[in-house]
Amino acid sequence: MFTRTVPLLAAAMLIVLSAGSLFAQGQSLNDALDGAFGSHDNYRAVITRFQAAVKAHDTAAVAAAVRYPIGVEIKGKASTIKSASQFVQNYDAIMTKEITDAVVNQKLDDLFVNWKGIMFGNGQIWINGVCNDSTCKNVDIKVATIQSTASIASPAPSGEMRCGWIENPTPGDLFLIDKDATWTITSQGQAEGPDAAGVDNIPDGDPKQFVDTSRGAGHGYSCGCLSVETSAKDKRITKVISGKALPLAKCKADKALPKP
């Protein structure tokens, strides 16, 4: 079966690099979904049904909204749920109070929407779409992530601080170019290795501090510093911990940096 994640629009990585993630806050949820996925109708319906099912403690309906297999945590142990019936059997252990409250208390017009999908709460739930055919007319929109984010409140681990050009030359490709190397953050089809964890921690940037090199297709570069974990051997960033957007002039003035 042909499958691929839906939100690989031309402007997908621009959302991460320059304009930040699309929050429904300040615009309608429909507009945010249209901007990320090209259409809102199916996504909106799934989101609304899922929240209503969680509110009603309709275990079967919630289970039907999940894509399997899915990794979850049950009583502190990582587990893989392979079917809706298995999900229902373990419902209360999976949908803990923290996760349930995140869904129930979420205002739909404040949902976080980006190239990765739609996020409830602080990341307890992620919903995304997967294409089931080459034209992407048949899209399977389901819950893809269920997790506790309680550890987010803990102090962030320290990492290497690397500053330079944050470049998105083509869909799916994202790099940090500093004085030492060109570091791969994500690559098309993960050709350069697994994508970095924590891509959503790349800071929002000022669209005026983004250089579009693709004639409006949404690809180009910006300047910033990222706290990261790396694989020096592969020149890959394995995890983005945090970051800060910088003016383009900062990178242009750094003589140790190559041209983007």
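Count residues from 1 along the sequence.
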Practice item. Answer yes or no: is there a donor N or O on one side and an acceptor on the other, between the side chain of N90 and the main chain of A93, under 3.5 Å? Key: no
Exercise for review: Supply the atom-to-atom distance Q86 CD to S79 OG, rounded to the nearest 0.5 angstrom.
Suggested key: 8.5 Å
Practice item. Please check if the side chain of Y68 supplies one atom and the backbone of A63 the other of a donor-acceptor pair under 3.5 Å. Key: yes
Review point. Hey, what do you get for CD1 (I237) to CD1 (I202), rounding to the nearest 0.5 Å?
Key: 7.5 Å
Review point. Within the side chain of E192, is there an N or O that forms a donor-acceptor pair under 3.5 Å with the backbone of T186?
Key: no
**Study point:** Test side-chain hydrogen bond (donor to acceptor under 3.5 Å, both in side chains) applied to Q147 and Q124, step by step
**Key:** CA-CA 5 Å; Q147 62 187 355; Q124 286 90 346; over 6 Å; no
Review point. So, does T145 use its side chain to make a donor-acceptor pair with the main chain of W126 at under 3.5 Å?
Key: no
Check your understanding: Should we count NZ of K142 as having more than 12 external heavy atoms under 6.0 Å?
Key -> yes
Study note, to complete from the structure: side chain to side chain contact (heavy atoms under 4.5 Å, CB included) test vs K55 passes for just one of V103, V104, T100, namely V104
**Study point:** Side-chain touch F87/K82, heavy atoms, less than 4.5 angstrom
**Key:** no
Point to revise | Side-chain (Q106) to main-chain (G121) donor-acceptor, under 3.5 angstrom | key: yes
Point to revise | Pair D206 + K208: basic N to acidic O under 4.0 Å | key: no
Exercise for review: Report yes if the side chains of W183 and I177 come closer than 4.5 Å at any heavy-atom pair, otherwise no.
Suggested key: no
Review point. Would D180 and R162 pass as an ion pair if we require N to O under 4.0 Å?
Key: yes
Exercise for review: Examine distances only and state if a side-chain atom of T230 and a backbone atom of E160 form a donor-acceptor pair shorter than 3.5 Å.
Suggested key: no
Exercise for review: Measure from the side-chain N and O atoms of D178 to the backbone N and O of A181, and report whether any donor-acceptor pair falls under 3.5 Å.
Suggested key: yes
Check your understanding: Using a distance-only test with no angle check, is there a side-chain donor-acceptor pair under 3.5 angstrom linking S214 and D212?
Key -> yes
Practice item. Have a look at R67 and tell me which of D140, I141, V143 forms a side chain to side chain contact (heavy atoms under 4.5 Å, CB included) with it. Key: D140
Exercise for review: Determine, stepwise, if the pair S222 / Q209 fulfils side-chain hydrogen bond (donor to acceptor under 3.5 Å, both in side chains).
Suggested key: CA-CA 6 Å; S222 60; Q209 297 296 320; over 6 Å; no
**Study point:** Side-chain heavy atoms of F120 within contact of V54, under 4.5 Å
**Key:** no
Exercise for review: Give a yes or no on whether the backbone of P169 and the side-chain of D173 come within a donor-acceptor separation of less than 3.5 Å.
Suggested key: no
Exercise for review: I would like to know whether I94 and I74 meet side-chain contact (heavy atoms from CB on, under 4.5 Å); could you show each step before the answer?
Suggested key: CA-CA 6 Å; I94 298 169; I74 297 177; 4.0 Å; yes
Review point. Can you tell me if N168 uses its side chain to pair, donor with acceptor, with the backbone of L174 under 3.5 Å?
Key: no
Review point. Checking S187 side chain against A191 main chain: does a donor-acceptor pair fall under 3.5 Å?
Key: yes
Review point. Can you list the steps and then say if C163 with C251 is a disulfide bond (SG atoms under 2.5 Å apart)?
Key: CA-CA 8 Å; C163 300; C251 285; over 6 Å; no
